[in-house]
Amino acid sequence: MNLNDYQTEFNKLIAQQSFSSDSHPQRNNTFSKFLDSGIPTKKWEAWRHTDLSFLNKNNFRVSRPDDSQIDSIDISNYKIANTYTIIIINGYFIEGSSVLPKELKVSTYTDKNNWNPKNKKENPFELLNASLSDSNIAIVIEPNASIEKPIHILFLCTGKDNLMINPQITMDISRSSSATIIEQYVSDTSSFFQNTSVFASIEKNASLNHIRIHSNSDETANISGLHVTQSDDSNYNYFQLVDGGALQRSDIYTDLEGKNATCSLSGLTLLDKKQHSATYITSDHIMPQCESSQNFKSVLNGHSSGVFNGRTIVREDSQKTNSKQSNKNLLLSDQAIMNSNPQLEIYADDVKCAHGSTTGALDNEALFYMQSRGINRKDSISLLIRGFVSELINDIKSEDLKNHLFTRFDRWLLNNNQ
Amino acid sequence: MLEIKNLHVEVEGKQILNGIDLDVKSGEMHAIMGLNGSGKSTLSNAITGRENYNVTKGDIVYKNDSIIEMEPDQRALAGIFMSFQYPTVIPGVNNTYFLRAAVNAKRKYNGQKEYDAASFLKLVKSKLKEVDMDSKYLKRAVNEGFSGGEKKRNEMLQLLCLEPELAIMDETDSGLDIDALKIISRGINNYKDKNRSFLVITHYQRLLKYIEPDVVHVLIDGKIIKSGGKELALELEEKGYGWLEQ
């Protein structure tokens, strides 16, 4: 897809008139900024290792409201036990199939004209999302509300090929409230391009567990921006699983704007064939006494490639910061490639910061040890890989979600250890 | 039980064993003694089938079958066990889970019913007492954060659970304090019976104070140059290895 193709799709979206025309001037303005910037190339520092050829080679079209009219879909395959479910099909909120708690308010474009994108980072995909965003979910958790059951937002692409979907999710976790939100991206169509922006605001003393699962089919591109701001005494736990898609890129920004906030980011990436996945993180310590951690692992097979770029900034005023970065990668094939780049920028003097990165093949010593106890090579390899990833999944608090993630991992392992 | 015939082994292009002959019968305990670099560990690795330990000549016969073409796990299922000199740490793999996987692999091979988690825990807890090991080690990853002595007890625990017929103890005594040494020796003595054999590989005579080998072999430069009874070990302790090298 080139810039002319994007222009055509933008014109189509405007002509569809599915949203109020009041937002058109702003959309136009944002879209022209996108055109000015263009699609990143490998000459851009932040995109040096991200291979966008899948996106450039394929053509996609913006979704229309009637794309969500799918007769027969069985969403039971994608459900996670004991969760509230918000269903988005081909970019559109399906109110009738969704089950929501009373403490939570969801508003979408179809309710009213609430096009008010917060995309502020200078990233062409953020601009593209803002100008094309079709599905908007704004979740507001009321103050002091504690929602025990996880809220599962299921983005399902089904029935239509080559759609371009631009969801926006806003999560307002009000003062002293707590919730668990799962974003899951799944598909049974052969190809699409999903470009997501998520904005989470975690207010004073509030807590959010946020899980994102990218399990799309092989011929899909998934790009997402995640912007988190945290106030005093807030707590944010993020976990992402990537086990699908041809191209996946996450840009995560966490701004610790309040004192004594905790931000823990972790992720597991499972890749094979020619898949590419890149995770770029900026954890910004603006205020003192905050804690942040990044703990990311990848298992790469086939000709796949991955990037971890974790950046932690500790600003002058953020004394007593405690931050950790860890990136560990397991290469199952000689052709797989991982780029790992943990970075620390420290401008304060009374802080504790640590970072580390390892990338290697399966440990032959451990394999021999297991085999010498009668466990065959294939099972030994499975045990080792499971051991490598289980630490991350075991940290997930919800048992149902943990089981769901282990099931996904086991399925991946079955295909990748034959 | 184990017959080694004119065994020559090469590791990464270097000839280490130069014609070893050994005949360990059921119920026997043999000790292999030698200095560092004499080929003791190469011998145990060749028997258990570690990668890159290439048999260039000769044969290893276990229960009347040649095993040199067998995978390490097949050798283990057939009843061979090695207590490692340096037990491997396996991060993320729970010790009990690993042990149960190993025991169940063997039970499956023998056509026996596999253990579920609860019945296995019962079994392993009874074995823990024999090696005087704290049950907290069951909850950790395999050998992770274990001291040298704890690792060797864990090896002994695996041995007791897997019930091998041929156990190779590779430098089990090195780095052990006297209490741990006594516990491991007691484990070996209790385990040994007329159908179970031991090959004890050691640098020092210390372990042989607590266990009684039937035969002691001295390994120098990849060859057994002398075999004898327990008194040979005492002689080595007194005179060192120098007098044998001439």
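Note that the structure is predicted; figures quoted are calculated from it, not measured. Proteins come first, then strands; the chains are lettered A, B, ... in the order of their sequence lines, and each starts at number 1.
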Can you label the angle between the A:Phe409 ring and the A:Phe406 ring as parallel, tilted or perpendicular, going by 30° and 60°?
perpendicular
Any idea which of B:Pro91, B:Ala78, B:Pro72 has the most non-hydrogen atom pairs under 4.5 angstrom with chain A?
B:Pro72
Turns out that what part of B:Asn143 lies under 4.5 Å from chain A's heavy atoms comes down to side chain
Can a salt bridge be assigned to the pair B:Arg107 and B:Glu114 using a cut-off of 4.0 Å between side-chain N and carboxylate O?
no
Would you sort out whether B:Asn45 and B:Met82 count as a side-chain contact (heavy atoms from CB on, under 4.5 Å), showing the intermediate values?
CA-CA 9 Å; B:Asn45 284 320; B:Met82 172 166 74; 3.5 Å; yes
Below 4.5 Å from any heavy atom of chain A, which atoms of B:Tyr109 appear? Answer side chain, backbone, both or neither.
neither
Heavy-atom proximity to chain A below 4.5 Å, by part of B:Val142
side chain
So which part of B:Pro87 gets closer than 4.5 Å to some heavy atom of chain A, the side chain, the backbone, both or neither?
both
Mind checking the CD-OG spacing from A:Gln248 to A:Ser277? Nearest 0.5 Å is all I need.
4.0 Å
salt_bridge(A:Arg408, A:Asp243) N-O dist < 4.0 Å
yes
Which atoms of A:Ser372 are under 4.5 Å from chain B, going by heavy atoms: the side chain, the backbone, both sets, or neither?
both
Given heavy-atom pairs under 4.5 angstrom as the criterion, report whether the side chain, backbone, both or neither of B:Arg50 touches chain A.
both
A:Phe296 vs A:Phe308 aromatic rings, parallel, tilted or perpendicular, using cut-offs 30° and 60°?
tilted
Please state whether the side chain, the backbone, both or neither of A:Glu391 comes within less than 4.5 Å of a heavy atom of chain B.
neither
Per-residue tally against chain A (heavy atom, under 4.5 Å) across B:Val103, B:Leu99, B:Leu77 peaks at B:Leu77
Measuring heavy-atom distances to chain B, does A:Asp379 have an atom under 4.5 Å in its side chain, in its backbone, in both, or in neither?
neither
What about A:Tyr369 and B:Tyr86, are their ring centers closer than 6.0 Å?
no
